[in-house]
Amino acid sequence: MAEPIRVVPIVCPFGLGGVVYVYYLDTPEPALVDTGVAASPAGVIEPALQAAGFRLEDVRWILATHGHWDHIGGAHAARTLAAPGAAVALHGADAELLAQRRAHLNGYAGVRFRYLDAPELLAQTEALLLEGISGELAADRVLADGDRIPLGRGITLAVVHTPGHSAGSVSYLLEGPNWAFTGDAVQIHGSGTNRFPLFVDPAAYRASLRRLLAEVRPAELYLGHRLLDPTGETLLESHLAGEAVPAALRGSLDVEERLAAAAAQIAVPAQQPLTAQSFAPAAEALGYRADDPLSWPPSFFATLSGYLAPSESGPPAR
Ligand SMILES: [Zn+2]
Ligand SMILES: [Zn+2]
C-alpha cells in the first residue's frame with residue numbers, strides 16, 4: 001500500500017469571479033490534476049509550484065478530470081511548460097471539448113442562451129471561452145474506466161468514470177490512501193459562483209454518486225471548486241475528509257432529488273419548442289422568481305433540461 005503523498009492545491013481564478021482548484025501531486029512522475037484556464041499555467045500554477053519548492057517543467061502528467069473550460073483551458077499551455085513528452089489525459093467522452101472551443105458553447109455553456117434573449121451575456125461568455133482556452137488539442141492519453149496511471153515508486157491513480165456533470169467526467173483515485181480527485185463529478189449545491197448544481201445527465205449523475213458512496217468509498221475528496229452545502233447557504237472547503245465525504249455524496253443525491261421533483265413540474269409541450277417560461281414552475285418550486293428567468297442560476301437550464309431529454313442510460317427511473 002502506497003504511502004500518502006504530498007498534494008499541493010493551487011487556486012486558479014477564471015471568468016468573472018470563479019475559482020478552480022488545481023492539484024499538484026508530488027510523486028516520482030509528478031502530476032497536475034486539471035490546469036485552470038489559459039492564463040493559469042504561467043500566471044498562477046508555475047509561481048505557486050515554485051513557492052512550494054516544485055517546478056512545472058518537471059510535470060509528467062496533466063490529468064483532466066473532465067473537459068470543461070475552467071479545467072482544461074490551460075491544458076495546451078501547461079503541456080508546453082511541462083516536461084518534454086508530458087501527457088495530457090482525458091476521458092474519451094469529453095474529447096470534443098478539448099479539441100474544439102466551439103463545443104463548449106454548443107454544449108453545457110450554451111444551453112441557457114437557447115432560452116434567454118441575452119445577446120450581451122452570450123457575447124461575453126463567448127469571449128471568455130475563446131480567451132480562456134489556450135489551444136485545441138487531442139489528448140495524448142484517452143482514458144476509460146478502470147485505467148491505471150503509474151506515477152512511480154508504486155504510486156498509482158485508478159481512473160473511475162463518474163459521468164453526469166459531463167459525459168467524460170472521471171475521478172482519479174489514489175490507490176492505498178483512497179483519496180479521490182473528483183473535479184466536478186460531485187456537485188452538492190454547486191460552486192460558490194454558480195450556486196446551483198450542473199449536471200447534464202441526471203441518471204448518470206445519480207449512478208456515479210451512488211458508486212462513489214457504496215463502492216469506491218473515498219477517504220478524502222479533492223474537489224474542483226469549493227461547493228455549497230445541501231442548503232445552498234454554506235460554502236464548504238475544497239478538501240473534505242472523514243464523515244464530510246459521505247455527507248457530501250449523500251447531500252449531492254438529496255439536492256438532485258429536489259431538482260428531479262422540480263423538473264417534474266415542467267409540462268413539455270407536444271409540438272412547439274420549450275421556452276424559458278416552460279421552466280417557470282420548476283424555478284418557482286426551487287424558490288426563484290418565476291417571472292425573471294435572467295435571475296435564475298447560470299446552470300439552471302442546462303441541468304433542468306437533462307430531465308426533459310431521454311437519457312442514454314435509460315428512462316429516468318429513480
Ligand atoms: Zn465542470
Ligand atoms: Zn468546474
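Each residue takes its place number in the sequence, starting with 1. Computation of the quantities below employed the complete heavy-atom set of this structure, encompassing side-chain atoms and omitting hydrogens, waters and symmetry-equivalent molecules. When a ligand or atom number is given, it counts from 1 through the structure's own listing order.
Taking the Zn ion (ligand 1) as reference, His68 places its N/O/S atom ND1 nearest. Within Asp184, the N, O or S atom at minimum distance from the Zn ion (ligand 2) carries the name OD2.
Taking the six-membered ring where tryptophan is involved, the planes of Tyr23 and Tyr222 are perpendicular, since the angle between them exceeds 60° and thus also 30°.
For the Zn ion (ligand 1), the set of nearby N, O or S atoms under 2.8 Å includes none belonging to Asp70. Look at His66 and the Zn ion (ligand 2): no N/O/S atom of the residue is under 2.8 Å from the metal.
In this structure, NE2 of His71 and NE2 of His225 enclose an angle of 100° at the Zn ion (ligand 2), rounded to 10°.
Using a 3.5 Å distance cut-off with no hydrogens or angles, the side chains of His91 and His66 do not pair a donor with an acceptor. Donor-acceptor pairing under 3.5 Å is recorded for the side chains of Ser171 and Thr162. For the residue pair Asp34 / His71, a side-chain donor-acceptor distance below 3.5 Å is found, with atom types taken as modelled.
The CZ atom of Arg250 lies 12.5 Å from the CD1 atom of Ile188; values are rounded to the nearest 0.5 Å.
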